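If you're wondering where the values come from, they're calculated on a predicted model, not measured in any experiment.
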Amino acid sequence: MSNGSSITQFLLLVFADTRELQLLTFWLFLGIYLAAFLGNGLIITAVACDHHLHTPMYFFLLNLSLLDLGSISTTLPKAMANSLWDNRAISYPGCAAQLFILFFFMSAELCLLTVMAYDRYVAICKPLHYGTLLGSRACVHMAAAAWGSAFLCAVLHTANTFSIPICKGNAVDQFFCEIPQILKLSCSHSDLREVGLLVVGACLVFGCFVFIVVSYVQILRAVLRIPSEQGRHKAFSTCLPHLAVVSLYVSTGIFAYLKPPSISSPFLDLVVSFLYSVVPPAVNPLIYSMRNQELKDVLWKLAQWTPFQ
């Protein structure tokens with residue numbers, strides 16, 4: 001195969017060789033997907049329906065839940081279909097679309113996590129200026145900037161990745177289309193442009209991570225100066241979930257895209273990609289609601305309104 005134009009489809013990684021294990025994989029992925037859909041859907045419903053949650057923090061949390069639903073819906077349904085129907089194939093346009101959509105949602109999530117760190121910094125370190133710095137218009141502008149910049153990044157990386165000649169087959173060592181795995185199929189040295197883009201992207205990711213860390217250092221200093229134990233506990237309860245999400249998301253994402261080829265293996269690639277693409281959307285609702293009494297109260301009210309109560 002001399003270039004990508006001669007390829008009509010890619011072959012994705014299979015999780016199991018036997019039919020029984022394929023069906024087990026299907027049910028496992030279905031359970032994870034339904035849990036993510038239910039958790040994020042409840043957060044979206046709670047924030048949208050309860051006026052007490054119409055604040056900047058919950059507005060950004062609603063956007064995060066939308067992004068989580070989008071990202072996990074990009075990967076798991078196709079993986080479930082492949083396991084159920086014993087099929088590995090994904091069309092060339094389908095692979096490009098999957099890569100674009102996933103990269104878009106992941107980039108937007110990183111931008112949004114950075115904005116959420118700024119929100120917590122202003123709320124705790126500059127509470128008197130919170131309404132001024134994070135008014136409704138400012139929040140909409142920051143969320144729109146996160147979505148818009150992610151869209152541009154996704155267009156750039158997708159167009160560049162699929163303009164590279166492919167001459168090493170069409171078998172992708174991943175259960176979804178991912179930039180590092182597509183680059184492995186490219187001709188020798190033809191992927192230098194995309195590697196350069198990934199390095200630039202990694203620098204931006206590192207910049208976002210540094211901003212988040214600096215924000216939380218300032219937050220920690222401010223929290224330790226709070227005289228009451230109840231005040232410190234409330235401040236930590238709003239920050240620790242966000243810090244946990246950021247740590248998992250950034251560490252696994254950077255490792256997946258920038259790990260040295262010498263330590264790369266199909267099993268390691270699979271585990272890391274699962275950690276950054278499937279685990280965060282599934283556990284984010286639990287992490288954000290577990291230590292947030294206000295959100296738990298609203299979710300409990302929603303549960304009482306259902307016909308099953």
Check against side-chain contact (heavy atoms from CB on, under 4.5 Å), Tyr118 and Leu133: CA-CA 10 Å; Tyr118 175 72; Leu133 296 175; 4.0 Å; yes
Trace of the side-chain contact (heavy atoms from CB on, under 4.5 Å) decision for Met116 with Ile212: CA-CA 9 Å; Met116 292 173 74; Ile212 293 171; over 6 Å; no
Test side-chain contact (heavy atoms from CB on, under 4.5 Å) applied to Leu64 and Leu113, step by step: CA-CA 8 Å; Leu64 182 66; Leu113 289 172; 4.2 Å; yes
Cys177/Cys95 under disulfide (SG to SG under 2.5 Å): CA gap, chis, key distance, verdict: CA-CA 6 Å; Cys177 289; Cys95 183; 2.0 Å; yes
Residues Leu11, Ile90; criterion side-chain contact (heavy atoms from CB on, under 4.5 Å); working and verdict: CA-CA 6 Å; Leu11 299 178; Ile90 182 173; over 6 Å; no
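One N or O on the side chain of Ser149 and one on the backbone of Ala146 form a donor-acceptor pair closer than 3.5 Å. A donor-acceptor pair under 3.5 Å is absent between the side-chain atoms of Asn87 and the main chain of Ser83, judged by distance alone. One N or O on the side chain of Ser71 and one on the backbone of Asp68 form a donor-acceptor pair closer than 3.5 Å. The main-chain N or O of Ala36 is found under 3.5 Å from a side-chain atom of Asn40 such that the two form a donor-acceptor pair.
Taking each heavy atom of Leu185 and Ala171 in turn, the nearest pair found is CD2-O, 3.5 Å. Of all heavy-atom pairs between Pro280 and Leu275, the closest is CD-O, 2.8 Å. Cys139 approaches Pro56 most closely through the heavy-atom pair SG-CB, 3.5 Å. Across all their heavy atoms, Ile164 and Asn160 have their closest contact at CG1-O, 3.3 Å. Closest approach of Asn82 to Ala89, counting heavy atoms only: OD1-O, 4.2 Å. A pairwise comparison of heavy atoms in Phe60 and Leu112 identifies O-CD2, 3.4 Å as the closest pair.
To the nearest 0.5 angstrom, Phe26 atom CZ is 9.0 Å from Trp85 atom CH2. Distance check, rounded to the nearest 0.5 Å: NE2 of His141 to OG of Ser136 gives 9.0 Å. The CD atom of Gln98 sits 10.0 Å away from the OG atom of Ser91 when rounded to the nearest 0.5 Å. Atom CD1 of Ile43 and atom CG of Asn284 lie 8.0 Å apart (nearest 0.5 Å). Here the CD1 atom belonging to Ile182 is positioned 4.5 Å from the CZ atom belonging to Phe10, to the nearest 0.5 angstrom. Summarising the geometry, atom OG1 belonging to Thr74 is positioned 6.0 Å from atom CG belonging to Leu102; distances are rounded to the nearest 0.5 Å.
Using a 4.5 Å heavy-atom cutoff, the side chains of Ser273 and Glu178 are in contact. When side chains are defined from C-beta on, Leu220 does not count as touching Val217, because their heavy atoms never get closer than 4.5 Å. No side-chain heavy atom of Phe29 sits under 4.5 Å from any side-chain heavy atom of Leu84. Two residues are said to be in side-chain contact when any heavy atoms from C-beta on lie closer than 4.5 Å; Gln174 and Leu12 fail this criterion. Residues Phe209 and Leu110 form no side-chain contact, since every pair of their non-hydrogen atoms from C-beta on lies 4.5 Å or further apart. For the pair His54/Leu62, no side-chain contact is recorded, criterion being any heavy-atom separation below 4.5 Å from C-beta on. Looking at Leu67 and Trp147, their side chains come closer than 4.5 Å, going by heavy atoms from C-beta outward. Using a 4.5 Å cut-off on side-chain heavy atoms (C-beta onward), His157 and Phe100 make no contact.
The aromatic ring centroids of Tyr216 and Tyr121 lie 6.0 Å or more from each other.
Taking hydrophobic clusters as Ile, Leu, Val, Met, Phe, Trp and Tyr residues chained together by side-chain heavy-atom distances below 4.5 Å, Leu38 shares a cluster with Leu30. Hydrophobic clustering, with ILVMFWY side chains joined whenever heavy atoms are under 4.5 angstrom apart, keeps Leu24 apart from Met80. One hydrophobic cluster, built from ILVMFWY side chains closer than 4.5 Å, cannot hold both Phe211 and Leu204; they sit in different ones. One hydrophobic cluster, built from ILVMFWY side chains closer than 4.5 Å, cannot hold both Phe206 and Tyr276; they sit in different ones. Residues Trp27 and Leu21 are members of separate hydrophobic clusters, defined by side-chain heavy-atom contacts under 4.5 angstrom among Ile, Leu, Val, Met, Phe, Trp and Tyr.
In summary, the side chains of Gln22 and Asp86 do present a donor paired with an acceptor at a separation below 3.5 Å, with no hydrogens or angles considered. Looking at Asp119 and Tyr130, their side chains do bring a donor and an acceptor atom within 3.5 Å of each other.
In this pair, Phe175 and Phe274 present their aromatic rings tilted. The plane angle is within the 30 to 60° band.
Open room surrounds CZ on Arg137; 12 or fewer heavy atoms of other groups in view lie less than 6.0 Å from it.
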